[in-house]
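For reference, positions follow the sequence shown, starting with 1.
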Amino acid sequence: MTKEENEKRLSYLKSIVARLPEKPGSYQFYDDEHTIIYVGKAKSLKARVSSYFHTEVDRFKTKVLVSKIHDISYTVVNTEEDALLLENSLIKKYNPRYNVLLKDGKTYPCICITNEPFPRIFKTRTINKKWGTYYGPYSHLGSMYAILELINKLYKPRICRQPITKEGIATNKYQVCLEYHIKNCDGPCIAKQSYDEYQNNIRQAREILKGNTRLILREMRDEMERLAENLEFEKAEEIKQKYLLIDSFVSKSEVVSHTINNVDVVSITSDEKTAYINYIHVSNGSINQSFTIEYKKRMDESDEELLQLGIIELRERFKSDAKEVIVPIELPQISKNITFTVPQRGDKKSLLDLSVMNGKQYKFDRLKQAEKLNPEQKQVRLMKELQEKLGLPKMPYQIECFDNSNISGTDAVAACVVFKSMKPSKRDYKKYNIKTVVGPDDYASMKEVVYRRYSRLLEEEEPLPDLIVADGGKGQMEVIREVIQDELHLDIPIAGLAKDNRHRTNELLYGFPPRVIGLKTDSELFHILTQLQDEVHRFAITFHRDKRSKHALHSELDEIKGIGPKTRDLLLQQLKSVKQIELTDYQTLRKIIGDAKATIIQAHFKSNRTS
């Protein structure tokens, strides 16, 4: 490979890394023949994969691996544990060259409930569906043992291996073991515990293992309250500990389920121009394939038509013979050998949700790639999103925001920052000295500044903003509305950024009366709006600090007769502050500015101290 080819390869790979999400998942590296050579897991895909391409990587094996990579793919999951399980599944299927060899076929342990009349519950690594129902697997052994311990404490299932039957119990065939005497078993083998009670316990244990704990937790909470009302606090505390165990340790994995085998999962994410179809294949209870294709729409194709086309293409590409295909919408039968399922809940619904999430992530990655090639596309997208969220008549190309700054009403100033096309337009920023307001009155200051700003724009026939954002909640919005609508008779939309009790911005407000606009605080649009807010804070505080500093300097040095600007600047350059100048001895001052001026400075500060 030539140097130019290698640079092109690395540039391509780094462009993929730049688009990776900061979410848990599994990533796959491919060689020049598009064969998987490494499978990894990550809590944050972007952080982990980017670490391979840092210049300071010094491990020889890592450098060799990176030199072989020609493409990267990934699958997003919900938790780090699911990423671990998915990695394990993919390594077993593809046996990548640079991964640890899993020669023993070791898998993660599961919990089994047997198919016996009086079922047993135990951990195992061997899966045989003839024996019973399997739950898991568990990548975190502590969680598995905690659940087993919890079930044993709550329901005391038998641990003996003798085959117990109703007939045997009726003929007194069995004898209790030590577990009964130490109260780890309620003795179903000698009818000390009824068959119905034992089955009910097993039913509840199954619900815990499935993760369906709401009903059980509600029952336990009711029991705790009943015991507390009867002043049976010790028993209530015992149930509380069990309650906390259930709440903390029960987990559900979407990437592995021993109740599902040889199934395809296909979902679609589409917009006006493009459709993204994600494909997941589940074999032997584990995901071993995830892929997304992209269709460019040429006419008004429906999601149903595109999904059918995608299913045929993907099944052919991956040679799938699965007889069941999980899909998000009802589809007409396309083959006698295929059954479509639209799940509403359970493991299949979790797999469908996972497929939808990966399709949406792929769409987002493609969008980010396009926006890197054309930055204006991102700005237009954000402006359109804000227009739709607020119901504005046009895209908010120019947005303005105001803020006040003062200390107990002194040196009161205000600032206006302007964003154009979702970026700061610093040449349009404005500073204002508050003229008509006495004391710390933020509303009156805001009213003055807004009136000055837009009355002047009207006089000079300058363009008005498409949106004004108030740095505050309903009060600031109302003050701006009074000026804009009641006094100046303008029709400019007004929004507000409200803070929570920790002084953190958490809501976007719009309309009169103001209503909360549904906007996620971790979205790109919300980040832009908080950037606008932070920028106006910074600009106003900097202006206020500069004004206060000039005022402080003027009151001390500029009032001293015989001390000019050059002497003042020289003193401040050498001694840093007025306070330090006051504390400096005569000899030091004389060396800096001479005898005469040093005498004047000391005389000034001495007279201030005695007066």
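Lys348 places no side-chain N or O within donor-acceptor distance of the main-chain N or O of Ile326, the cut-off being under 3.5 Å. When atom types are taken as modelled, the side chain of Arg9 and the backbone of Glu4 share no donor-acceptor pair closer than 3.5 angstrom. Checking side-chain atoms of Arg366 against main-chain N and O of Tyr362 turns up no donor-acceptor pair under 3.5 Å. Between the side chain of Tyr198 and the main chain of Arg158, a donor-acceptor pair closer than 3.5 Å is present. With hydrogens and angles disregarded, no donor-acceptor distance shorter than 3.5 Å links the side chain of Gln204 to the backbone of Asn201. Without hydrogens or angle criteria, Ser320 side chain to Ala322 main chain gives a donor-acceptor distance under 3.5 Å. The backbone N or O of Glu7 sits nowhere less than 3.5 Å from a side-chain atom of Ser11 that would complete a donor-acceptor pair. Judged purely by atom type and a 3.5 angstrom limit, Asp31 uses its side chain to pair as donor or acceptor with the backbone of Thr35. Judged by distance alone, the side chain of Asn152 and the main-chain N or O of Leu148 form a donor-acceptor pair under 3.5 Å. Put simply, the side chain of Arg221 never gets that close to the backbone of Lys240: no donor and acceptor are under 3.5 Å apart.
Judged by distance alone, the side chains of Asn128 and Tyr134 never bring a donor and an acceptor atom under 3.5 Å apart. Judged by distance alone, the side chains of Tyr38 and Gln28 never bring a donor and an acceptor atom under 3.5 Å apart. If you check the side chains of Glu87 and Ser26, you find no donor sitting under 3.5 Å from an acceptor. In summary, the side chains of Asn278 and Ser267 do not present any donor paired with an acceptor at a separation below 3.5 Å, with no hydrogens or angles considered. There is no side-chain donor-acceptor pair under 3.5 Å between His70 and Asp32. Under 3.5 Å, the side chains of Tyr30 and Ser73 contain a donor-acceptor pair of N or O atoms.
Classification of the Tyr27-Phe29 ring pair by plane angle, with boundaries at 30° and 60°, yields tilted.
From Trp131, atom CH2 reaches atom CD1 of Ile113 across 16.0 Å, with rounding to the nearest 0.5 Å. Taking SG of Cys401 as the start and CD of Gln533 as the end, the distance is 6.5 Å to the nearest 0.5 Å. Distance CD/Gln361 to CG/Leu45: 8.5 Å, rounded to 0.5 Å. To the nearest 0.5 Å, atoms CD (Glu313) and CZ (Phe318) are separated by 9.5 Å. Atom-to-atom distance recorded for Ile121:CD1 and Cys112:SG is 9.5 Å, nearest 0.5 angstrom. Atoms CG and CD1, on Asp264 and Ile280 in that order, are 10.5 Å from each other to the nearest 0.5 Å.
Annotation: side chain of Val64 is in contact with side chain of Tyr98 (closest heavy-atom distance under 4.5 Å). The side-chain heavy atoms of Val327 and Thr341, taken from C-beta on, include no pair separated by under 4.5 Å. The shortest side-chain heavy-atom distance between Glu385 and Glu524 does not fall under the 4.5 Å cut-off. Counting heavy atoms from C-beta on, the side chains of Pro24 and Asn78 never come closer than 4.5 Å. Side-chain contact check for Phe122 versus Thr114: some heavy-atom pair is nearer than 4.5 Å. At least one side-chain heavy atom of Asp321 sits under 4.5 Å from a side-chain heavy atom of Asn262. In this structure, the side chains of Ile159 and Glu179 come closer than 4.5 Å at one or more pairs of heavy atoms. Using a 4.5 Å heavy-atom cutoff, the side chains of Val356 and Lys360 are in contact.
Of the charged side-chain nitrogens involved, none lies within less than 4.0 Å of a carboxylate oxygen, so that Glu388 and Lys384 do not count as a salt-bridged pair. For Glu294 and Lys363, the salt-bridge test fails: no basic side-chain N is under 4.0 Å from an acidic carboxylate O.
For the pair Leu306 and Ala275, the tightest heavy-atom approach, listed with the atom from each and the gap, is CD1-CB, 3.6 Å. Taking all atoms of both residues into account, the shortest heavy-atom contact from Pro328 to Ile268 is CG-N, 4.4 Å. Across every non-hydrogen atom of Ile16 and Asp71, the tightest pair is CD1-OD1, 3.5 Å. Shown here for Val76 and Pro21, the closest heavy-atom pair between the two residues is CG2-CG, 4.0 Å. For the residue pair Pro332 and Phe340, the shortest heavy atom distance occurs at O-CE1, 3.3 Å. Between Tyr145 and Lys123, the shortest heavy-atom contact is OH-CE, 2.9 Å.
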Exercise. Please report the C-alpha distance between Ile517 and Leu509 in whole Å, then the side-chain angles of each, then the deciding distance to 0.1 Å, and finally whether the side chain to side chain contact (heavy atoms under 4.5 Å, CB included) criterion is met.
Key: CA-CA 6 Å; Ile517 303 300; Leu509 305 176; over 6 Å; no
Quiz prompt | salt bridge (Lys or Arg N to Asp or Glu O under 4.0 Å) between Lys8 and Glu5, worked out | solution = CA-CA 5 Å; Lys8 185 177 180 180; Glu5 288 174 337; over 6 Å; no
Practice problem: Decide side chain to side chain contact (heavy atoms under 4.5 Å, CB included) for Ile277 and Thr292; before the verdict, give the C-alpha distance in whole Å, the side-chain angles of both, and the deciding distance to 0.1 Å. | Solution: CA-CA 5 Å; Ile277 298 177; Thr292 303; 5.9 Å; no
Quiz item: Gln379 and Ser421: side chain to side chain donor-acceptor pair (under 3.5 Å), yes or no, with the steps?
Solution: CA-CA 6 Å; Gln379 296 154 20; Ser421 192; 3.0 Å; yes
Quiz prompt | Working for side chain to side chain contact (heavy atoms under 4.5 Å, CB included), residues Ile528 and Gln531 | solution = CA-CA 5 Å; Ile528 291 288; Gln531 181 190 347; 3.9 Å; yes
Practice problem: Could you give me the CA-CA distance, side-chain angles and deciding distance for Val49 and Lys46, then say whether side chain to side chain contact (heavy atoms under 4.5 Å, CB included) is met? | Solution: CA-CA 6 Å; Val49 178; Lys46 186 168 189 174; over 6 Å; no
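The environment of Ile329 atom CD1 is dense: over 12 non-hydrogen atoms of other residues, nucleotides or ligands sit within 6.0 angstrom.
Sorted by first and then second residue, the salt bridge (charged side-chain N to carboxylate O under 4.0 Å, His left out) pairs with a member in residues 350-359 read Lys349-Asp353; sequence neighbours excluded.
For Asn115, the side-chain hydrogen bond (donor to acceptor under 3.5 Å, both in side chains) criterion is met by no residue, not counting sequence neighbours.
Aromatic rings from Tyr276 and Tyr295 are positioned such that their centres are separated by 6.0 Å or more.
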